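For reference, the structure is listed below as structure tokens.
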Amino acid sequence: MNELKVDFNRPALMGHELEYMKQAIENGHISGDGPFTKKCHAFLEQELGVQKALLTTSCTHALEMSAMLLDIQPGDEVILPDFTFVSTVNAFVLRGARPVFLDIRPDTLNLDESRLAAAITSRTKAIVPVHYAGIGCAMDSIMDVAARHSLPVVEDNAHGLFGKYKGKYLGTFGSMASQSFHETKNFTSGEGGALLINDPILVERAEIIREKGTNRSRFFRGQVDKYTWVDVGSSYLPSDILAAFLFAQFEQREKIQLHRKQVWELYQAGLKDWADSHDVQLPCIPDDCEQSYHMFYMLLPSLELRQNLIAYLRERGIYSVFHYLPLHLSDMGRSFGGKTGDCPVTERVSDQLIRLPFHNSLTSSEQEQVIDLIQGFPF
Ligand SMILES: Cc1ncc(COP(=O)(O)O)c(C=O)c1O
């Protein structure tokens, strides 16, 4: 009987989470924008050097806010990679946009910047690169094309907090960026997110949209004497109890990032020779990128081998998973005209990719067992 169980993800207390949640209750403010939310905002603004950070209930909601802030209208086109989570596209489709899916680069699995300029039309209203696995997109080229066409860039940085491209933090290139604090991310509050705003013109309206379309934030700062409905909006504020949990994790930034770096490097060192001799592709980190150590993935030579490896590990108590399906081939993607062959790299990578267990309490002995088993996988 096999007793081994290695979860793909496991929540962990990293510092003062429980104490701070208790404190949030004792503060008498457990709705949004309480003292812990303010601490989280200040932390993100100071550490990353962004103009404004606003916690949201998810990365999905931060992306929805960005679509509202850009005034996306029915018929507008938004360019994004085909290999991403549904929220990257849904946030814009919700406002009536037509998605234009770009194929990805075979090395980093990020949007292929060489295809970007050709995808721009007179209807294009935004470019939304995703830093897959927290490894930066080629932001120089992307920002250059965007500037030539006066188009805003929204970085979906769900995976990439504290990753860098050419020494600059991911999430600080576009006019806005979205972060995720979902339970699988480096820093979590269970569910959660943030909108990072680099363009100061967007800040005031972002506060309004996040607060149900009211100027409540200005009211609390004493800038107006009553607050009212001034714009479209929704409720995107997380409870201060969740912000308390998140802030405790932020405080452990060094510890969390160091642990994840060690996890990533142990997989890389343990699997490199095996991968080379079995035609398995390991993650590519370009020289100009510092990754966020969000995940460890491998590309197997075929769908069949990938499925067999997932099943083989599962039978032995190890939980590994595949990732995104090509968006253009989903029911929704097909309704926008997507068809097989449109994005061949995504179509291949989606079949071949496996993600290994990766979380803040993964031990090196658990990892050694994963590595040993993979090396014994019958090809
Ligand atoms: C690239 C990307 N964007 C957005 C999201 C949505 O994040 P959330 O669950 O915080 O809404 C995810 C989810 O993991 C993601 O992978």
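Being a predicted model, the structure only gives us computed values, none of them experimental. Atoms within a ligand are numbered from 1 in the order they appear, just like the ligands themselves.
To the nearest 0.5 Å, atoms CG (Leu13) and OG (Ser361) are separated by 9.5 Å.
Taking the six-membered ring wherever Trp is involved, the centroid distance between the rings of Tyr20 and Phe245 does not fall below 6.0 Å. In this structure, His159 has its ring center under 6.0 Å from that of Tyr132. Checked against the 6.0 Å centroid criterion, the rings of Phe181 and Phe187 do not qualify as a close aromatic pair.
Residues Asn215 and Thr228 form a side-chain contact, since some pair of their non-hydrogen atoms from C-beta on lies under 4.5 Å apart. Between Thr37 and Leu237 the shortest side-chain heavy-atom distance does not fall below 4.5 Å.
Counting atoms of ligand 1 from 1 in the listed order, those under 4.0 Å from a heavy atom of Gly192 are 10 (O). Taking every heavy atom of Val130 and a limit of under 4.0 angstrom, the matching atoms of ligand 1 come to 1 (C). Near Ala158, the atoms of ligand 1 lying under 4.0 angstrom from a non-hydrogen atom of the residue are 1 (C), 2 (C), 3 (N), 4 (C), 15 (C). Heavy-atom contacts of Ser58 reach the following atoms of ligand 1: 10 (O), 11 (O) (cutoff under 4.0 Å). Contact atoms of ligand 1 toward Cys59: 4 (C), 6 (C), 7 (O), 8 (P), 10 (O), 11 (O) (distance under 4.0 Å to a heavy atom of the residue). Those atoms of ligand 1 with a heavy atom of Thr84 less than 4.0 angstrom away are 1 (C). Taking a cut-off of under 4.0 Å to the non-hydrogen atoms of Thr60, the atoms of ligand 1 that pass are 6 (C), 8 (P), 11 (O).
Checking only distances, Asp156 does come within under 3.5 Å of ligand 1, N or O to N or O. Residue-to-ligand polar distances keep His323 apart from ligand 1: every N/O pair is separated by 3.5 Å or more. Considering backbone and side-chain atoms alike, His159 places an N or O below 3.5 Å from some N or O of ligand 1. Backbone and side-chain nitrogen or oxygen atoms of Tyr324 are examined, and one is located within less than 3.5 angstrom of a nitrogen or oxygen of ligand 1.
Taking every heavy atom of both residues into account, Cys343 and Asp103 meet most closely at C-OD2, 3.2 Å.
Among all protein heavy atoms, the one lying closest to atom 9 (O) of ligand 1 is His182 CB, 3.9 Å. Protein heavy atom in closest approach to atom 14 (O) of ligand 1: Lys185 NZ, 2.8 Å. When hydrogens are left out, the protein atom nearest atom 12 (C) of ligand 1 is Phe85 CD2, 3.5 Å; that is the closest non-hydrogen contact.
Between Ser178 and ligand 1 there is no heavy-atom distance shorter than 4.0 Å.
For the pair Lys226 and Phe219, the NZ or CZ position fails the cation-pi test of under 6.0 Å to the six-membered ring centre and within 45 degrees of the ring normal.
Side-chain heavy atoms closer than 4.5 Å link hydrophobic residues (I, L, V, M, F, W, Y) into clusters, and following such links, even through other members, never connects Leu109 to Phe296.
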